[in-house]
Amino acid sequence: MNNQNFVDEDETLFRPIYHTGKGFYAFAAALAAIVLFGIFMYIRQLIFGLGVTGMNEPVSWGFYIISFVFFIGISHAGTLISAILRLSKAEWRRPITRMAEVITGIVLLIGGLHPIIDLGRPDRILHIFERGRLQSPLLWDVTSITAYFTASTIYLYLPLIPDIALLRDRGGRFHKIYEILSWGYEGTEKQKHVLERAINILMVMVIPIAVSVHTVISWIFSMTLQPGWHSTIFGPYFVVGAIYSGIAALIIVMIAFRKAYHLQDYLKEIHFRYLGTLLLVMSLLWFYFTFAEYLTTFYGHEPPEMRVFLYKFVGNYSFFFWLMVVCNFIIPVVFLSNKKLKTIGGILFTSIAVVLGMWLERLIIIVPSMANPRLPYPTGIYVPSLTEISLLLAATAAFVLGFMGFSKLFPLVSIWEIKEGREQSVKTVSERLHEYLPSKGHIRNEIV
Amino acid sequence: MEINRRDFVKLFGGSLFGLAIGGGAGAMLKLPKKAEPILYSGPRIESWKLTACTKCPGSCSLRIRLIDDLPIQAFGNPNSPINEGGICPLGLVSVADLYHPARLTNPVKKINGEFKPVSYKEAYNIISDNLKNIISNKRQDDVFIVAQTESKFRVELFRKFSDTTGFKNLIIDNFRDGSSFPFFKAAGNAPDFIDFDKCDYILNFDAQFTEISQNPIYFTRKINEYRSKGFKITTVQPKLTPGVAKLDEWIPLQPVLFGNFALGVAYVLLKDDQYDKSFLEENFSGFTDFKNHVLENYVPDKVAKLTGIPAEKIIEIGRKFEKASSPAAYFDESVLYNSNGTQNAFAIIALNALKGFRSFGKIKNSFLSSVLQNESREINITFTNLMARLSKSNALQALLISGSNFVFNSPDSEALKKQLSSIPFIVSFSSFVDETSSFAHLIIPDHCNLEKLDLLLNNSMGVPAVTLQQPVVEPFFKTSDTGDVLISLMKEIKPEAKVQYENYSDYITQIAKKIYSGREGIFMDQNKPTVIEKGLRKIGWQTEQFGSFDDFWDSLTDSGGWWDPFAEKEPYNPKIDFKPAFYKESFTTKNSLNSIPKNKLHLNIFKRNLDYKGNMSIYPVLVEQFGSNWSVFYQLWAEINPVTARSLSLRDRSKVILKTNKGKFPAVLIYNPTVVPGNLDIPFGLGHTILGDTCGVNPLIFSENKIDKPTGKPSFSESLIEIEGSSLKNSSLAEQVKLNQKQFAENQVRRDYA
Amino acid sequence: MPRYGMVIDLNKCNQCEACVTACKLENNVQIVSKENAEMGRVMQWMKMLTTNHEGNYPEIRPVSLPVFCVQCDDPPCIKVCPVRATYKRDDGIVAQIYPQCIGCRYCMANCPYTVKVFNWYKDEQPVEYEKCYNTDVSVRPKGIVEKCTFCIHRLQKAKEKSKAEHRKMQEEDYVTACTEVCPAHAIHFGDLDDPNSHVSKLMNDYRKFTLQEELGTEPKVYYLSEKSQ
């Protein structure tokens, strides 16, 4: 069928799937080159050993684990925001949820690959499954990330079905794939009902899984005896940090694709303002946790802990530490609490600062504790090598590339939800409002 | 699980061993051809052999573990009374010598600046022709022989060679002879040992007992015993070395001032009249002069001004020394590494004489004296003579070097290298092309330690102990024992001398025969004699131990050594001829601490036990381990007191450039609070270029060209050094050192009242 | 079952570092190149550590002790290994299974004594060192964590030898390399549970202390020193 004859009111949402500009190909080629370079560096690492990185004793975890924690942290935004907003029936979530879920799906893949990149013997990865010890936090990690990945993929797929059905009806290049993937969805009442129920179940299930993922990752660190890591606050701290970085990443992605695909009509300023408020709330929460953590450390004044503390505050890592505080606290508070600065440009700048700051926060958590061992060894030094930097860039490039690839196959904004919102939301919301507010009608009935 | 792993380990170990060898195909050049098939798939049969370590004068007995008759590891021999199973890092790596890729496998000759292999016959003929030429031209006096070996019998052979052929200029450079040199000069003979059982107070002048000494492992045990009895050791050193760090008192003092300090302590004894008058009347000629000189010039207050040690401290040590019944003021070769080293040694000898040398002893004249006729001969020729001769152009005709790397140990190495290039004929017997042998015209490489036969005599236990060094493998390559070369040369040059032995093994066998004929002593694998046995022996009761000489030799090779626990000791009674020149020459400092200019620090070079004479850099394990206690690897480091460093605004572990008036070199700065403020301590031993790769720098070539005139040893701690880019904050360094001395005094007072 | 432990008498130790060298040669521990050493990747199963300095100048004295895997009775490293590549045997030795380790380095992150060592590069040794490999010990490939195992290959040899000779294994049959070579006889090794072994007798010494006992790892390497640590 000829798709050019269809003119839907949400045509802009369909356009990226059918039209691809030159700019897209150029950009994708550049990203693919970066990814290939990263793969080349990794093969080099397989041949020569982990010595090509900058890790040493005592700093035996470096960029790979930092990026691992960082990427898994970003994944929280997706499903968590989408699930929470759906659960709280916030109507402004409608254009956001799809992008959020996609972020989760892609970034979990990339993040989950990082520990394998970090292994000294990746050819023995199956040992984890053959002989794994469930007492080890790494195993908990594997379990929870797998569970999260499964749940979020399903959670991405389910709301995608109606959109695939729409695409299938329009015809086009990938007609066959859409037919298989849409599972015969026709939009009947029964199917809609089943879909709603499935989404609701998953929505509730995904939240504890998501919280558990980053808690378990934080427990990789806090279950050890190292100074600076052995803290009970790490679970909630990491979850808060993850949501924080996730929202920031989401905002960046949204602004980028809004510009590229001309989605200004769907992703309005108000969406960004609400997300900006959420970001501000998370920033304050993050600052609260950080402050609590360091205050208790400082007050207790235990020598090994103080060694790490001083290293972060006034020692070699003080530059990164204070940059992190600026990026994560000062810039968001300044920009997001001020109406004048809370423009799309301001929010974009803040989000970039937050993403950078959260990456630095992972660096600050991991490296100083390892560089200052308990016994009086000299302080360790960690300088990242070309391999690690290139793999970090390759991971980021792979993420963007994956997102771009997705946008060519499926719509980035949930079309059916927008349509649903247009048609039904006003009625649903006003009904809901009547439930909250005291009813004039009741009194009126009484009087009359 | 366990069984699987063990089998796996065996398989893995065996095959990986083979793989490791096979993998390094290029490295296979350095193994004899017959060993190659075994390495790939040998039956892996383990055997053990006994030999001795020659890296230091201790002569510990080693047990070598061989797999398929190739040496793999070295351990200590638990039966040896010297080391009782212990071994130091130098001994542990002695197996690596055999397989070293830089080892010379053939005699080589320098043709157009490169070393090309020649046959042994050709090399030998070149040497003998040259030497015969020199003799016929009557220029024997223009030939110098430099020998560095700790084996006494080998030294004997060199002496015999020198006497027979007439090349009188023989320089013996070893630790024991260096330590005895001041004794010979002052008194004509040297003590054999220090008796730790008798001694009850030791005043140690810069001797690193447990690291570099006549018998490090034995001294370690003995000092632990000594201290467990409650006796004290006071050490006077410029740096608190790790081995002596547990001693009771440390007096930080620059080595140039040792003589002043010793005479200051002597003043206390003389003033209190607490010295051994009878001994001094008999043995010390010129004592009255000496006494008057000391009482006049070395009043503690004056000495305190010169040395910076408070007068109360000097008096306290003097009192301790005089109260002890047999104290010892100990020194060894390390004290000679200063421009007035020998002078300082004389002062220390005089201090000992005041108490009659009670802790020193000699082994009574026994049959061994027939073995070592020339043992008590003093050293006449030292490096000073060599340097003096070298400075005259065209003065030297030939130079023979065995086991010495003196170019590395010399501060004026540029001039020395130029002078060496002008000598027409240099022969080296070293196994590697190091800094000295690169100037040689001909190198006949020596066997490595595991391929030689030798007997090593060590008297420092108070009884004679002879460890047998026997070849553990057949010589891998076409190297030859230096002793063999010398004996052949002797026979050829002077056939009329009727040399009694064919080669070095013969020589050793004859010495063993002499030991056998004494009919005394026991083998090392026999039980140590109990007190009862010793008592019976004294009465004269002894058992006939050895059968024929062949039985003796078999037992010797099986047990690893021989020693005589029943040997009698006699006190050391030297006739000190203290010439006024020894003490009249002023001991005042040539490098006055009060006039160190701003920004300059005092350079103090120290030795580590991992490097005995500055030539260990050929062992990769030791080079890596050299700085491991500071976690500094393959680099030169400089230790500095944190107070000094902060006043110069330098941070811990910063990389700095150090500058002397001879050049610049990089180092890593390490904070060490035990370093004397105002000092910069730099280790000695890095800086070799033996495999084309240099790590670290030799700090000696950047220090002043000062040597101890009688012995020619370089001065290790009389230079000034500057850290580039450092800025002085508050006080000048001289003031800082004064502050340090004041603190020292305050601490003393506090301690006395505590 | 025997419970192997060690007692090191610090008043006898003179920091000669023979134990460090012996451990390296006995267990085929790699020597690293200059560049790697500068990055901090030197592989030493046993290190001589200067922990602190006591007193004021010039009474100041450094406190140095050999530090190596203290074979905890409650090891933090085995708790976090995902594949049971490091485990505690019945005789108290914390052993490594080299073919099992996947190189995640979690045990290295959890060890409070920082004694675990990782093989960053392929084994490329100087030639003179390769020829002297100890054939009893496997050479570890890259990507594996390793640490002091109380020379467990010697235990296996001793067991086999005593079995072949039809007798019980005795105390002298099994000593670690560092114990064997110490010149001052400062290191003592043996069965802590056997009341007759000389190690147990030394445990009655009042000068005894262990490293970081407040962490509850129950190390089995004890140090004897008269000074406060």
Side-chain angles (χ1 to χ4, degrees), chain A residues 46-61 65 115-116 118-142 220-221 223-227 229-230 304 366 369-371 373-383 385, chain C residues 32-33 35-44 47 49-52 63 65 67 76-85 87 97-124 141-145 211-212 214-217:
Chain A
L46 280 180
I47 297 177
F48 290 118
L50 272 171
V52 297
T53 65
M55 297 186 269
N56 52 34
E57 280 124 31
V59 185
S60 56
W61 274 347
I65 299 288
I116 302 183
D118 182 58
L119 283 184
R121 292 300 302 253
D123 55 314
R124 293 184 184 167
I125 186 76
L126 289 178
H127 282 196
I128 292 190
F129 302 107
E130 294 168 15
R131 282 175 261 244
R133 278 181 72 242
L134 277 177
Q135 292 98 324
S136 163
L138 271 184
L139 254 287
W140 308 342
D141 200 31
V142 169
I220 292 180
F221 302 110
M223 293 291 166
T224 68
L225 284 172
Q226 299 294 10
W229 281 0
H230 196 53
I366 293 182
S369 287
M370 297 202 85
R374 279 181 180 267
L375 286 182
Y377 295 110
T379 311
I381 305 174
Y382 173 62
V383 176
S385 70
Chain C
V32 298
S33 66
E35 297 80 28
N36 275 335
E38 234 176 296
M39 287 174 73
R41 292 189 183 149
V42 173
M43 299 177 65
Q44 283 185 311
K47 302 183 240 270
L49 190 69
T50 306
T51 50
N52 59 12
V63 175
L65 41 128
V67 172
C77 59
I78 68 171
K79 289 186 198 162
V80 293
C81 176
V83 291
R84 199 176 170 264
Y87 71 110
I97 306 178
Y98 302 126
Q100 185 113 321
C101 176
I102 58 173
C104 69
R105 308 188 300 290
Y106 199 178
C107 54
M108 289 175 71
N110 204 11
C111 176
Y113 305 92
T114 331
V115 287
K116 295 199 110 158
V117 163
F118 189 71
N119 284 278
W120 297 99
Y121 271 113
K122 221 163 54 166
D123 179 11
E124 280 161 2
K142 67 176 193 294
I144 304 288
V145 173
L211 285 177
Q212 295 188 298
E214 68 272 6
L215 290 178
T217 49

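Chain naming here is simple, since letters A, B, ... match the order of the sequence lines and numbering starts at 1 in each.
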For this session: Answer yes or no: is there a side-chain heavy-atom contact under 4.5 Å between C:Arg84 and A:Arg131?
Result: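 No, side chains not in contact.
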Exercise. Taking C-beta and beyond as the side chain, do C:Gln212 and A:Leu375 meet within less than 4.5 Å on heavy atoms?
Worked result: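 Yes, close enough: below the 4.5 Å cut-off.
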Exercise. Shortest non-hydrogen contact from A:Leu50 to C:Arg41?
Worked result: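 Scanning both residues completely, I find the closest heavy atoms to be O-NH2, 4.3 Å.
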Problem set entry | Heavy-atom closest contact (C:Pro82 atom, A:Leu138 atom, distance) |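 Scanning both residues, the minimum pair turns out to be CG-CD1, 3.7 Å.
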Structural part of [X] lying under 4.5 Å from a heavy atom of chain A:
X: C:Val67; value: side chain
X: C:Leu49; value: side chain
X: C:Pro76; value: side chain

With chain C as the partner, which of [options] has the greatest number of non-hydrogen pairs under 4.5 Å?
options: A:Ile125, A:Asp123, A:Ile220, A:Val59; result: A:Ile220
options: A:Ile381, A:Val383, A:Thr53, A:Leu134; result: A:Thr53
options: A:Ser136, A:Gly49, A:Pro122; result: A:Ser136
options: A:Pro373, A:Pro227, A:Pro58, A:Ser60; result: A:Ser60

For this session: Apply side chain to side chain contact (heavy atoms under 4.5 Å, CB included) to A:Asn56 and C:Phe118, showing your working.
Result: CA-CA 8 Å; A:Asn56 52 34; C:Phe118 189 71; over 6 Å; no
Tell me whether [X] contacts the main-chain N or O of [Y] through its side chain, where contact means a donor paired with an acceptor under 3.5 Å.
X: A:Arg124; Y: C:Cys101; result: yes
X: C:Tyr121; Y: A:Gly51; result: yes
X: A:Arg121; Y: C:Cys104; result: no
X: A:His127; Y: C:Val83; result: no
X: C:Lys79; Y: A:Pro137; result: no

Exercise. Which answer fits A:Leu46, side chain, backbone, both or neither, if we ask what part of it has an atom under 4.5 Å from a heavy atom of chain C?
Worked result: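 Backbone only.
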Exercise. Is chain C contacted by the side chain of A:Val52, its backbone, both, or neither, given a heavy-atom distance below 4.5 Å?
Worked result: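 Both backbone and side chain.
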Find the distance between [atom1] ([X]) and [atom2] ([Y]) and round it off to the nearest 0.5 Å.
X: C:Ile102; Y: A:Ile128; atom1: CD1; atom2: CD1; result: 4.0 Å
X: C:Met39; Y: A:Met55; atom1: CE; atom2: CE; result: 9.5 Å
X: C:Tyr113; Y: A:Tyr377; atom1: OH; atom2: OH; result: 10.5 Å
X: A:Ile47; Y: C:Lys142; atom1: CD1; atom2: NZ; result: 8.5 Å
X: C:Thr114; Y: A:Glu57; atom1: OG1; atom2: CD; result: 9.5 Å
X: A:Gln135; Y: C:Ile78; atom1: CD; atom2: CD1; result: 9.0 Å

Exercise. C:Met108 and A:Trp61: side chain to side chain contact (heavy atoms under 4.5 Å, CB included), yes or no, with the steps?
Worked result: CA-CA 9 Å; C:Met108 289 175 71; A:Trp61 274 347; over 6 Å; no
For this session: Not counting sequence neighbours, list each pair that qualifies as a salt bridge (Lys or Arg N to Asp or Glu O under 4.0 Å) and has a residue in residues 103-118 of chain C.
Result: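 Of all non-adjacent pairs touching residues 103-118 of chain C, those that pass salt bridge (Lys or Arg N to Asp or Glu O under 4.0 Å) are A:Asp118-C:Arg105.
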For this session: Considering only heavy atoms and a distance below 4.5 Å, find which of C:Val117, C:Thr217, C:Val42 pairs most often with chain A.
Result: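 Result: the option with the highest number of such pairs is C:Val117.
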